[in-house]
**Student:** 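This structure is in structure tokens; I'll ask about it shortly.
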Amino acid sequence: MSEELLQQVRLHGAVPGHVAIIMDGNGRWARGRRLPRPLGHHAGMGAVREVVAGCLEAGVEVLTLFAFSQENWQRPAPEIEALMGLLEEYIAREADELREKRVGVRILGDLDRLGTSARTAVERVMAHTAGGGALALNLCISYSSRAEIARAARLLADEVAAGRLDPAEIDEDRFARELYTAPWPDPDLLIRTSGEMRISNFLLWQLAYAELYVTPVLWPDFTRRNLFEAILDYQRRERRFGRVSV
Ligand code: FPP
């Protein structure tokens, strides 16, 4: 079934180069099964594997996943521990395969807030998969977009204060170079699962012209088939970037 959809994606041409996903609904998935919330996150890890495989099959070049926000630090300690444990488990299990498939993993966010063992794991996977050119997989962890933008402003202010930068040189391109996402083009497509119509402090600068796709599917149920459906929907859209169509 997913093969057929993949064929359609290929026939339509223009695959989004950069797909960003707000993975939402793990808690509701667990509640629906009378399971503890961490089991919803555990099931969500399977969906991460699915979308990585789907992006490789479809030819998406950059996949940016919102895995843990700065606001998520306010969740109960056992849930935070479970999420950090899952991140370490994902890295331990997948690092070799990701490297084999030439997936280059980067972690975007305030890594200073991570505990020692999560920090070591993320540094290990970044080094282990560095240079993987088939797909850039960005995991946003301890990430908030406003904090990222404030950090970029601070870095530019430091440059100005040190006499290395003239404020007149600060334009959109120069600013974007201080964001975590500097190496990649902006997302073409933003997918949010579980039906919520919010951006939730995710890539506020970078999503300026992204096409939005919201699906009621809860994240743990999301498969590559759902990804291909989202891409097909994107391929039917007309992107004008503020201009008129010709
Ligand atoms: C939102 O669901 C999801 C998260 C806060 C965490 C996403 C994490 C994973 C999918 C685990 C694996 C990730 C990696 C990168 C290995 P929610 O808890 O807000 O759900 P709810 O809105 O239904 O309560």
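FYI, side chains are in, hydrogens and waters are out, and symmetry mates aren't considered; it's all heavy atoms of this structure. Start at 1 and go down the list; that is how both ligands and their atoms are numbered. For the single chain, residues carry numbers from 1 onward in sequence order.
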**Student:** Counting non-hydrogen protein atoms only, what is the nearest one to atom 19 (O) of ligand 1? Give residue, atom name and distance.
**Tutor:**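 Looking only at protein heavy atoms, the one closest to atom 19 (O) of ligand 1 is R75 NH2, 2.9 Å.
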**Student:** Show your reasoning for whether salt bridge (charged side-chain N to carboxylate O under 4.0 Å, His left out) applies to R224 and E50.
**Tutor:** CA-CA 5 Å; R224 74 189 81 183; E50 273 286 307; 3.2 Å; yes
**Student:** Among N138, L179, L139, exactly one meets side-chain contact (heavy atoms from CB on, under 4.5 Å) together with L108. Which residue is that?
**Tutor:**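 Among N138, L179, L139, the one meeting side-chain contact (heavy atoms from CB on, under 4.5 Å) with L108 is N138.
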**Student:** Taking the six-membered ring of W29, is the NZ or CZ of R33 close enough (under 6.0 Å from the centre) and on axis enough (within 45°)?
**Tutor:**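 The answer is yes, since R33 meets both limits relative to W29.
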**Student:** Provide the full list of ring pair (Phe, Tyr, Trp, His ring centres under 6.0 Å) pairs with a residue in residues 153-199, sequence neighbours left out, each pair given once.
**Tutor:**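 Only F175-W205 qualify under ring pair (Phe, Tyr, Trp, His ring centres under 6.0 Å).
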**Student:** Identify, by atom number and element, the atoms of ligand 1 in contact range of L83, meaning under 4.0 Å from any of its heavy atoms.
**Tutor:**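 Those of ligand 1 that fall under 4.0 Å from L83 are 6 (C), 8 (C).
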**Student:** Can you find an N/O atom of L139 closer than 3.5 Å to an N/O atom of ligand 1?
**Tutor:** no
**Student:** Decide whether R192 and S200 meet the rule of one side-chain donor and one side-chain acceptor closer than 3.5 Å.
**Tutor:**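 Yes - a donor-acceptor pair under 3.5 Å links their side chains.
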**Student:** Could you identify the single nearest non-hydrogen protein atom to atom 9 (C) of ligand 1 and state the distance to 0.1 Å?
**Tutor:**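 For atom 9 (C) of ligand 1, the nearest protein heavy atom is N26 ND2, 3.8 Å.
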**Student:** To the nearest 0.5 Å, how far apart are CZ in R119 and OG1 in T116?
**Tutor:** 9.5 Å
**Student:** Name the closest protein heavy atom to atom 20 (O) of ligand 1, giving the residue it belongs to and the distance to 0.1 Å.
**Tutor:** G27 N, 3.0 Å
**Student:** Of the protein's non-hydrogen atoms, which lies at the shortest distance from atom 3 (C) of ligand 1, and what is that distance?
**Tutor:**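 Nearest protein contact, heavy atoms only, for atom 3 (C) of ligand 1 is M23 O, 3.1 Å.
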**Student:** Is it true that, when you exclude R49 itself, more than 12 heavy atoms of the residues, nucleotides or ligands shown sit nearer than 6.0 Å to its CZ?
**Tutor:** yes
**Student:** Test of understanding: given a 4.0 Å heavy-atom threshold, classify the contact between R37 and ligand 1 as side chain, backbone, both, or neither.
**Tutor:** side chain
**Student:** Give a yes/no verdict on whether any heavy atom in L65 is under 4.0 Å from an atom of ligand 1.
**Tutor:**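 So L65 does not count as touching ligand 1.
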**Student:** May I ask you to check if ligand 1 and N72 share an N or O to N or O distance below 3.5 Å?
**Tutor:** no
**Student:** Knowing that exactly one of F202, Y143, W73 qualifies, which makes a ring-ring contact (aromatic ring centres under 6.0 Å, His included) with F68?
**Tutor:** W73
**Student:** Go through the side-chain N and O atoms of E3 and Q8 and say whether any donor and acceptor fall under 3.5 Å apart.
**Tutor:** no
**Student:** Using a 4.0 Å heavy-atom threshold (strictly under), name the region of L218 that reaches ligand 1: side chain, backbone, both or neither.
**Tutor:**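 For L218, no heavy atom sits under 4.0 Å from ligand 1.
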**Student:** Could you establish whether R31 and ligand 1 come within less than 4.0 Å of each other, counting only heavy atoms on the residue side?
**Tutor:** no
**Student:** Taking 4.0 angstrom as the limit, do D233 and R237 come out as a salt bridge?
**Tutor:**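 Here D233 pairs with R237 in a salt bridge, since their nearest N and O are under 4.0 Å apart.
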**Student:** For atom 6 (C) of ligand 1, what is the closest protein heavy atom, and at what distance to 0.1 Å?
**Tutor:** A67 O, 3.3 Å
**Student:** So for ligand 1, is W219 a polar contact partner (N or O within less than 3.5 Å, distance only)?
**Tutor:**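 So ligand 1 has no N or O lying under 3.5 Å from an N or O of W219.
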**Student:** Under 3.5 Å, is there a donor-acceptor pair between the H42 and N26 side chains?
**Tutor:**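 No, because no side-chain N or O of H42 sits under 3.5 Å from a partner of the opposite role on N26.
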**Student:** Considering both backbone and side-chain atoms of R28, is one of its nitrogen or oxygen atoms within less than 3.5 Å of a nitrogen or oxygen in ligand 1?
**Tutor:** yes
**Student:** Would you say D24 has any N or O atom under 3.5 Å from an N or O of ligand 1, going by distance alone?
**Tutor:**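 Yes: some nitrogen or oxygen of D24 is under 3.5 Å from one in ligand 1.
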**Student:** Could you tell me whether the side chains of H18 and D188 share a donor-acceptor contact shorter than 3.5 Å?
**Tutor:** no
**Student:** Can E196 be said to touch ligand 1, with heavy atoms closer than 4.0 Å?
**Tutor:**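 The answer is no: ligand 1 sits nowhere under 4.0 Å from a heavy atom of E196.
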**Student:** Looking at atom 11 (C) of ligand 1, what's its closest protein heavy atom, distance included?
**Tutor:** H41 O, 3.6 Å
**Student:** How far is atom 14 (C) of ligand 1 from its nearest protein heavy atom, and which residue and atom name does that atom have?
**Tutor:**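 In this structure, atom 14 (C) of ligand 1 has V48 CG2, 4.2 Å as its nearest protein heavy atom.
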**Student:** Please verify whether a non-hydrogen atom of S194 lies at under 4.0 Å from ligand 1.
**Tutor:**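 Per 4.0 Å heavy-atom rule, S194 does not contact ligand 1.
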